[in-house]
Amino acid sequence: MAMEKTFNASEAEPRLTAMWEAQNAFAAGANRSRDESFTIMIPPPNVTGALHVGHAFNNTLQDILIRWHRMRGFDTLWQPGQDHAGIATQMQVEKMLAATQQPSRAELGRQKFLEKVWEWKGQYGGTIVEQLKRLGCSCDWNRNAFTMAGAEGDPRVGHENSPNFHDAVIKVFVEMYEQGLIYRGKRLVNWDPHFETAISDLEVENIEVAGHMWHFKYPLAGGATYTYVEKDEDGNVTLSEERDYISIATTRPETMLGDGAVAVHPDDARYAPIVGALCEIPVGPKEHRRLIPIITDEYPDMSFGSGAVKITGAHDFNDYEVAKRAGIPLYRLMDTKGAMRADGAPYDAAATVALEVSKGLKTLTVSEADALNLVPEELRGLDRFEARKAVVEQITSEGLAVMVSEEFNDEDGETQTRLVPYVENKPIMQPFGDRSKVVIEPMLTDQWFVDAEKVVDPALEAVRSGEIKIMPESGEKTYYHWLENIEPWCISRQLWWGHQIPVWYDAEGHYYCAATEAEAIEKAGGKPLERDPDVLDTWFSSGLWPIGTLGWPEDTDEMRRYFPTDVLVTGFDILFFWVARMIMMQKAVVKEIPFHTVYLHQLVRDEKGKKMSKTTGNVIDPLEIVDEFGADALRFTNAQMAALGGVLKLSKQKITGYRNFTTKLWNAARFAEMHEATGSDGAVPQAEATVNKWIIGETAKVRETVDAALEAYRFNDAANALYAFVWGKVCDWYVEFSKPLLMDADAATKAETQAVMAWVIDQCVILLHPIMPFITEELWGTLGSREKILAHTDWPTYGGELVDAAADAEMNWVIGLIEEIRSVRAQMHVPAGLKVPVVVRDMSAEAKAAFEGNEALIKKLARMDALHGVTTFPKGTAALSVTGAAFGLPLADVIDVGEEKARLEKTLGKLAKEIGGMRGRLSNPKFVASAPDEVVEETRANLAEREEEEGLMKAALKRLEEI
RNA sequence: GGGCGAUUAGCUCAGUGGUAGAGCACUUCGUUGACAUCGAAGGGGUCACAAGUUCGAACCUUGUAUCGCCCA
């Protein structure tokens, strides 16, 4: 049956996917023929996820590595699975509930809500798996894992093979707790007022927004005054005045209510007279104004603002450090929604206690300070941004804002000056939740932390020693930088969807960490206990992905065979979130590295380099691309743009180009099929004809290039080499060369060429399979009856031994001659269909042999008829710039002397430039002395060739001038 | 402010010391028996700038400029 003109991807892809699946072709160990294993853990996409271009890119690279190793006979495992994605999933399900008019999360309660989430997961969690299959991903789908598999409520639908994942997570928490690597503490954390949970530093995005800086006066206690003196650089006094206040600048006036002190730099002479004094927070009921001390600390920047900083330890990370150093109490002002607190005792009672603390009459424990609500009654319950407005208004109306003069035009258009509150409009960096997009509030809360400093050293050492290699290398620098400055990792989340923390509390607030409630009760001596309602950060469990998916803590066969895994392919953006934590946790838990290589890539962007986003409308949907162009085109594009460390710009135009490449390959195969040159047995064919020897050598070269490129994770090099080989060598030259041999040559040559052609096409298909699995598997089946599917076909191992240097040289000369004839024809406007004679003189024996050995090919491809040996060129002959002989096209009738002169002069110009450079180098004794011999030799040989060409061209030009 | 990276053809980008490359776009020609999702032939670059190292620099070093990303 004749092949269609193009590959029908939309018909073939699902059929091939089903075929692979029916054969269980991607099972761990499939096509295994050697002992070494090769394992990749998929970066688990969120269960809420839909395939985007980033997944498509990332998984294409993994699949290339996996298919390549599987064909090479490694014991190969690509472990798939999904991440439960705490916040994202909880958010998604809540949205669904709202959209379908079901009871909300709060109305349902924890138990019922979690049932809904599991139900939702069962329904939609498999979406991404199907999408990855459409891309051709050869994961062992029967092993599909889930980071919450085995957790309470898991109905075990589907086929997760890792019911232990939850047990593994709990076991690790308990062990790390017992080793003192996990602790509970009241610390300042990033609080997300939308989701009402703590989040880690990494989940915060600092974004520059337009903000204001207010300047307020904090009056000194009891109306005290001091002389405020400002000096310039030379020490000359520029300002001296009596002040009864200290000036403070802030971008967050609402937090003034929680101030515990004002800090100035110890070297700041301006405030030296009042250090140790008390000043008044200028907000709240007059009769209960709080007094706070003026202290010194290295933190304030003398040149910034007034040089004095208010210290609100419970709502700012820098202030928190200052407060801790100076023993300043931390007063929390807000509730979980980011509104001003409405709990606790009335303001006057709380303010009275705080005043005693400021005066040193009383000290508070952290929780006593936290219990104190210092929000005045009229602000209680107000949203933090509303409270800000109220505070500013109150201070300003009381005349305690710092005033500056401003020019304005009055009714008559006259310029006047007036005093206005000093408010600077300036960009400020504001923290936002990466999921909720609301302003994050630093908040003092009780949370669980991993003492990262204690587990960081083995992780640093693993990379420093080279045990783990991060590619590109710049990733290692980033890795060191972060790990060397690591902060405690807040791992508790006030969510419901996730691994519930295995800690139970008794009525007195003592807590017991254990794998099960029964064990905890036992530890508590039988007391009734209540479990910590919080769940673990999703990244805590995904940090255990490499071992959890292999059945740890059980001593499984898979753990022994596939762990440590080999390569992790993932985005740069989760280097800290996930990669570093996996290394830390695997090192802490099983004392081994999780993988030896990390391949980091950039974000996939649009063709202009912009981030894809729904609002910009530049999102490319990989599934639409697959529909339109086929998965292979998208995959080839992904591989082609995967330069190490490169920016990834995806464009439809590029994809179209590689879709065209699949058509090209298809048609080369179709040509082979038409000439019964298909279905080799895989053995390298024996060849007599130079052209066949040559293409066998070229094939061997490209196999070596592809292997070397993939070995070095240079996917772009592998893709480009294959593209250049298939299109530029096989299609452009070999298929064309083969035509006279297949159609007009003797039976033996024809048979040989059929065998070589069949082998070459098969090799193209094999070598392209990791990148383009569908079209190649289809061709494999179409072109022959095979013992094994292509995905299980052995990867070739031939190499340089197949390269025949003489054949190589001869074919390069033939190609050069053909190109030169074509070029002269085109420039001399010889009609494309016209066959022309060629004249030659001074032909070397080599050139003669090369010409005669390939006469049929040359004549066909250059559209020439006979070659005439001559002693002198006839008038009007255009000379060819080829070595080994003086060829010419006798074009007396058609030649345009002017054009030919211009052509020759241009060629001579180019030659002169090259020759000049080479002569210059060779005449420099230092070059000859210092450069490697082979470079010198190469230059000499090159120069001789160019000089020969130059001689021919000069002679031709001279003849032309005689006409 | 700190860290990392980039700057090469009109565009998008490869190129780790030895003759500046690819794809796309562009121009001209083409119904030659695989392919018009194609073929042939062309035009197009002071490798950001400056100084240095070297026989030799797009590549190494230093500085400058511009842009990007991450972290404060």
Which nucleotide in [options] has an atom nearest any side-chain atom of [X]:
{"X": "A:Ala931", "options": "B:G18, B:A40, B:A34", "answer": "B:G18"}
{"X": "A:Met674", "options": "B:A34, B:A36, B:C70", "answer": "B:A34"}
{"X": "A:Asn667", "options": "B:A41, B:C35, B:U37", "answer": "B:C35"}

| query | Which is it for A:Tyr658 and A:Tyr723 under the ring pair (Phe, Tyr, Trp, His ring centres under 6.0 Å) test, yes or no, and what are the steps along the way? | reply | CA-CA 9 Å; A:Tyr658 293 115; A:Tyr723 184 95; 5.5 Å; yes
Base, sugar-phosphate, or nothing for [X], non-hydrogen atoms under 4.0 angstrom?
{"X": "A:Asn720", "answer": "nothing"}
{"X": "A:Glu914", "answer": "base"}
{"X": "A:Glu736", "answer": "base"}

| CZ of A:Phe636 to CG of A:Leu634: how many Å apart, nearest 0.5 Å? | 12.5 Å
Does [N] have its OP1 or OP2 closer than 4.0 Å to a side-chain nitrogen or oxygen of [X]?
{"X": "A:Asn660", "N": "B:C38", "value": "yes"}
{"X": "A:Gln653", "N": "B:U12", "value": "no"}
{"X": "A:Ser823", "N": "B:G42", "value": "yes"}

| message | Heavy-atom nearest nucleotide on RNA chain B for A:Phe671 versus A:Arg921: which residue maps closer to 5'? | response | A:Arg921
| said: Return whichever of A:Lys739 or A:Arg659 has its heavy-atom-nearest nucleotide of RNA chain B closer to the 5' end. | reply: A:Lys739
Report the distance from atom [atom1] of [X] to atom [atom2] of [N], rounded to the nearest whole Å.
{"X": "A:Gln640", "N": "B:G21", "atom1": "CD", "atom2": "C1'", "result": "13 Å"}
{"X": "A:Tyr480", "N": "B:G2", "atom1": "OH", "atom2": "P", "result": "23 Å"}
{"X": "A:Arg863", "N": "B:G33", "atom1": "CZ", "atom2": "P", "result": "10 Å"}
{"X": "A:Lys860", "N": "B:A34", "atom1": "NZ", "atom2": "P", "result": "8 Å"}
{"X": "A:Gln602", "N": "B:G5", "atom1": "CD", "atom2": "P", "result": "12 Å"}

| Donor-acceptor pair under 3.5 Å: do we get one between A:Lys477's side chain and the base of B:C4? | no
| task | State the pairing partner of B:G23; accept Watson-Crick or G-U wobble contacts with both distances under 3.5 Å, and report none otherwise. | result | B:C11
| task | Using both distances under 3.5 Å as the test, list the Watson-Crick or G-U wobble partner of B:A57, or none. | result | none
